[in-house]
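For reference, the structure discussed in these notes is given below.
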Amino acid sequence: MKTLVTCGLPYANGPCHIGHLRTYIPADVYVRYLRMLGKDVVFVCGSDTHGTPIVINAEERNMTPKELIKIYHRHFKEIFEKMSIEFDYYGSTDDYSNHHRTQEIVLELIRNGYVYSKTIPLAYCPVCDRFLPDRYVEGTCPYCGMEARGDECDQGCGRHLEPGEILNPRCKIDGAKAEYREQEHYFFRLSSFKEFLLRYLEDLKGTENALNYAREWVKRELKDWCISRNLDWGVKFPGRDDMVVYVWVDAPIGYISFTEEYAKRTGINWEEIWKEKSEIVHFIGLDIVYHHCIFWPAMLKGAGYTLPSAVVASGMVKIQDKTFSKSRGYVVWVEDDYLKEGFHPDYLRYYLVNYTSHQKDLNFSWKIFEDKVNNELVNTLGNFMYRVLHFTWKNFGRIPEVSVSSEIIKKIEEARKNVIESIESYEFKEASDAVMELASFGNSYFQHNKPWELIKSNLEKCQQVIKDCLQIVKALTILFYPVMPSSMKEIGDIIGIDTTSLKIEDVQVEISPLKLSRPSVPFKKIEKEKIIEMQEKLIRRIEKMGNTDTQEYVTLEDFQKMNIRIGKIIAAERIKGSSKLLKLEVDIGDEKRQIVAGFATSYRPEELIGELVPILVNMKPAKLMGVESQGMILAADVNGKPVLLKTEKEVPTGSIVR
RNA sequence: GCCGGGGUGGCCUAGCUGGUGGGGCGUCAGACUCAUAAUCUGAAGGCCGCGGGUUCGAACCCCGCCCCCGGCACCA
């Protein structure tokens, strides 16, 4: 039986960032492990190329959508290649085969009675001369009166808005007043799939984060789904020249059309996967669970295709503990911030796989990156492999011909078992931890047996220890190959392992006694300076995006250190020799204080008398122009000039401000 | 508000059906020198979010509360 693994399609509207890789790298790792386990796997993905954002983005750049998607299609392909993410086929949803397959499926759904038409009001922009998707409509929320977006009141009450509900609709692109026009659209009878989906989701495999959400959604009401759009760009809706199908229809169909393309090239039959019994595993981000667990299976069921067997959803990525946000600068671009900076692809692969469970949020920070790479990859793993190979090469020149001890065979077997179990439950961190644990054991074994002493005292024993360690190196190479293919290939070349056709059982096949050439270090350390440079680059970007929250937060505890009280100004006079400063006397309830304040540019002394103002009472005393100040009066700063803050009504002096 | 997931030493995490809280990284101290100042050994460090309850006994079960993340659908 064949297994198909897919990844959520990247939208061909912008460059690849680390969030994309959070899904693609574990998927690639998974596929490589499956192959080592002897499974017949096809791995496909492709660019998602339709939808309004691409049309608008292309317009803004003065190009056609086709030109735009070509740029990003090529970009993603390149990045995947550089990151060792090896799809068997990487297509595009704008390829002929996908247009064809999409129309085929929509027609089948129509034939089977799952599609009906209905007339609905839609916002239309007379200037752009087109219907506007809800997110491109702005106006007033009918519930709270705040400025809102067409699909939800994002700044006000947060309510979801139905098409046609928003008041005073305007086009977001040119600000023109939009009007509502009646329009015929096509709907998919999702509601009729409720019972089917409830049963289907019982047995669907994958990660809990995805399955729980989907089950919850289905238990609630399922509404029919509008699957047509007023656009030129996309897959033509069958029988309608003026409309295309909604991108969320043709995007997942890409999984099928890419399989078809792959089949055409390799001579296999795509229907073995999509029409007969097979394993179909979708790797996606948490944001598109709904589409993959609900719309997509319903569509496949309605059109008579094989249903997915598992949906594996990765958690979100955070950047230095902050929510990932391209617009706010919390992003790591794979090309500009990683590859062009000269970092090895395997380092990031390891980080993304090993930081935490696949389902949980992953925090990326350059500091953690440095720690993980230098401690785990370089020191523990790389150093073990290198010290063993180097020792062997220097003292023997070749791999000794003694059999591996049973203790070591047992240890390797344990690691292999753990890896397989973890992979089967989509726990990639667990799998890579199990391998790293073996490397750690290797270091300890080497250390305790002191082969550098045995070489002088007991040559036979020394050969045994070294052979054991070499077998561990071989096991590590195989078990880590899926995570770090290019680095492990290099080690494989040294010790005579062909990484193109690995079997996981090979970890127990004794390493062949070949002659060694001088080994080189498998992983190079990352310099502290480089990390600092990267951190600064990130901070600069965040600040450029107009972010103020690079500032440190104050905790309530911090704030409570400040003793702020309302005081009454009871005396005020100028300070000799100063144009700005006034010497004030204030009553803060139980005592009177002398405070020097820079109010002279805005106020005459006499107009301050009697005012109730907030005062930071526990400000460290200081002398200004030789006059002691025992507190600080808070005021608004308007272009450098102070404006008094007053209480809204008369309050007792000494009242606490908090 | 409702729903889902989570809250275990500075960080990442084990902990299945209840029986004296483990590991890794980091920190500190020793050891060693084959190796990329690597490695090995040892130590310090935890009111297992908070408050009740069930029990001979709870991180694990029940109730209440707090906090974090996500979802609540037509956003590709």
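Chain A is the first sequence line, chain B the second, and so forth, proteins listed ahead of strands; every chain is numbered from 1.
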Taking atom P of B:A38 as reference, at what distance in whole Å does atom CG of A:Leu381 sit? 15 Å
When the C1' atoms of B:C2 and B:G19 are compared, how many Å lie between them, rounded to an integer? 38 Å
What's the CZ-P distance between A:Phe369 and B:C25, to the nearest Å? 19 Å
Check this for me, if you would: do A:Glu67 and A:Arg61 make a salt bridge, where the nitrogen-to-carboxylate-oxygen distance has to be below 4.0 angstrom? no
C1' atom, B:G49 versus B:G9: distance in rounded Å? 15 Å
In whole angstrom, give me the gap between the C1' atoms of B:C63 and B:G45. 33 Å
Write down the distance separating the P atoms in B:U36 and B:A31, rounded off to the nearest Å. 23 Å
Can you give one letter per nucleotide of nucleotides 41-46 of chain B, going 5' to 3': B for a protein heavy atom under 4.0 Å from the base, S for sugar-phosphate only, - for none? S-----
Between A:Lys417 and A:Glu414, is there a side-chain N and carboxylate O pair less than 4.0 Å apart? no
Find the distance A:Met316:CE to B:G6:P and express it as a whole number of Å. 17 Å
Which is true for A:Ile288 with a 4.0 Å heavy-atom rule: it touches a base, it touches only sugar-phosphate, or it touches nothing? base
Apply side-chain contact (heavy atoms from CB on, under 4.5 Å) to the pair A:Trp225 and A:Phe295, showing each step before the final yes or no. CA-CA 8 Å; A:Trp225 185 39; A:Phe295 293 152; 3.3 Å; yes
Any base atoms under 4.0 Å from A:Ser440, or only sugar-phosphate, or nothing? Heavy atoms, all strands. sugar-phosphate
Roughly how many Å is it from CG in A:Asn374 to C1' in B:U39, rounded to a whole number? 16 Å
Value in whole Å for how far the P atom of B:G5 lies from NE2 of A:His358: 18 Å
Using a heavy-atom cut-off of under 4.0 Å over every strand shown, decide if A:Tyr11 touches base, sugar-phosphate, or nothing. base
A:Leu454 backbone acceptor or donor facing A:Asn458 side chain under 3.5 Å: no
Pairwise C1' distance, B:U41 and B:C48 [rounded to whole Å]: 29 Å
Nearest nucleotide by nearest heavy atom, which residue falls closer to the 5' end of RNA chain B, A:Gly51 or A:Lys429? A:Lys429
A:Ser117/A:Glu184 under side chain to side chain donor-acceptor pair (under 3.5 Å): CA gap, chis, key distance, verdict: CA-CA 7 Å; A:Ser117 72; A:Glu184 187 187 20; 3.0 Å; yes
Under a 3.5 Å cut-off for both distances, is B:A37 Watson-Crick or wobble paired, and to whom? none
Taking the basic N atoms (NZ, or NE/NH1/NH2) and the acidic carboxylate oxygens, is any pair closer than 4.0 Å for A:Glu437 and A:Lys411? yes
B:U20: pairing nucleotide in any strand, Watson-Crick or G-U under 3.5 angstrom: none
For A:Asp224, answer base if it contacts any base atom (sugar-phosphate contacts may also be present), sugar-phosphate if it contacts only those atoms, and nothing otherwise; contact means non-hydrogen atoms under 4.0 Å. base
Just by distance, with hydrogens left out, do A:Thr49 and A:Thr93 show a side-chain donor and acceptor under 3.5 Å apart? yes
Whole-Å distance separating the CD atom of A:Glu376 from the P atom of B:A38: 14 Å
Can you tell me how the ring of A:Tyr200 sits relative to the ring of A:Phe196, calling it parallel under 30°, perpendicular over 60° and tilted otherwise? parallel
Could you list, one pair per line, each protein nitrogen or oxygen that sits under 3.5 Å from a nitrogen or oxygen of nucleotides 33-36 of chain B, together with the distance?
unit_1 : atom_1 : unit_2   : atom_2 : d
B:C34  : O2     : A:Arg387 : NE     : 3.3
B:C34  : N3     : A:Arg387 : NE     : 3.3
B:C34  : N3     : A:Arg387 : NH2    : 2.6
B:C34  : N4     : A:Arg387 : NH2    : 2.7
B:C34  : N4     : A:Gln447 : OE1    : 3.3
B:A35  : O2'    : A:Asn383 : ND2    : 2.8
B:A35  : N1     : A:Arg387 : NH2    : 3.1
B:A35  : N3     : A:Asn383 : OD1    : 3.1
B:A35  : N3     : A:Arg387 : NE     : 3.2
B:U36  : N3     : A:Phe523 : O      : 2.5
B:U36  : O4     : A:Phe523 : N      : 3.1
B:U36  : O4     : A:Phe523 : O      : 2.6

When we call it a touch if two heavy atoms are under 4.0 Å apart, what does A:Asn354 touch: a base, just sugar-phosphate, or nothing? nothing
Roughly how many Å apart are B:U8 and B:A59, using the C1' atom of each and rounding to a whole number? 7 Å
If the plane angle is over 60° it's perpendicular, under 30° parallel, otherwise tilted; pick one for A:His358 and A:Phe283. perpendicular
Between B:G51 and B:A43, how many Å separate the two C1' atoms, rounded to a whole number? 35 Å
Taking a pair to mean Watson-Crick or G-U wobble geometry with both distances below 3.5 Å, B:A43 pairs with B:U27
note: A:Glu370, atom CD; B:C11, atom P; distance rounded to Å ~ 18 Å
Base, sugar-phosphate, or nothing for A:Lys450, non-hydrogen atoms under 4.0 angstrom? nothing
B:C2: pairing nucleotide in any strand, Watson-Crick or G-U under 3.5 angstrom: B:G71
I want to check a possible cation-pi pair here: A:Arg229 against A:Tyr246, using under 6.0 Å from ring centre and within 45° of the ring axis as the test. yes
Donor-acceptor contact below 3.5 Å, side chain A:Ser228 vs main chain A:Val245: no
Output the rounded distance in Å from CD (A:Glu437) to C1' (B:G22). 13 Å
If we take the P atom in both B:U33 and B:A44, what is their distance in whole Å? 28 Å
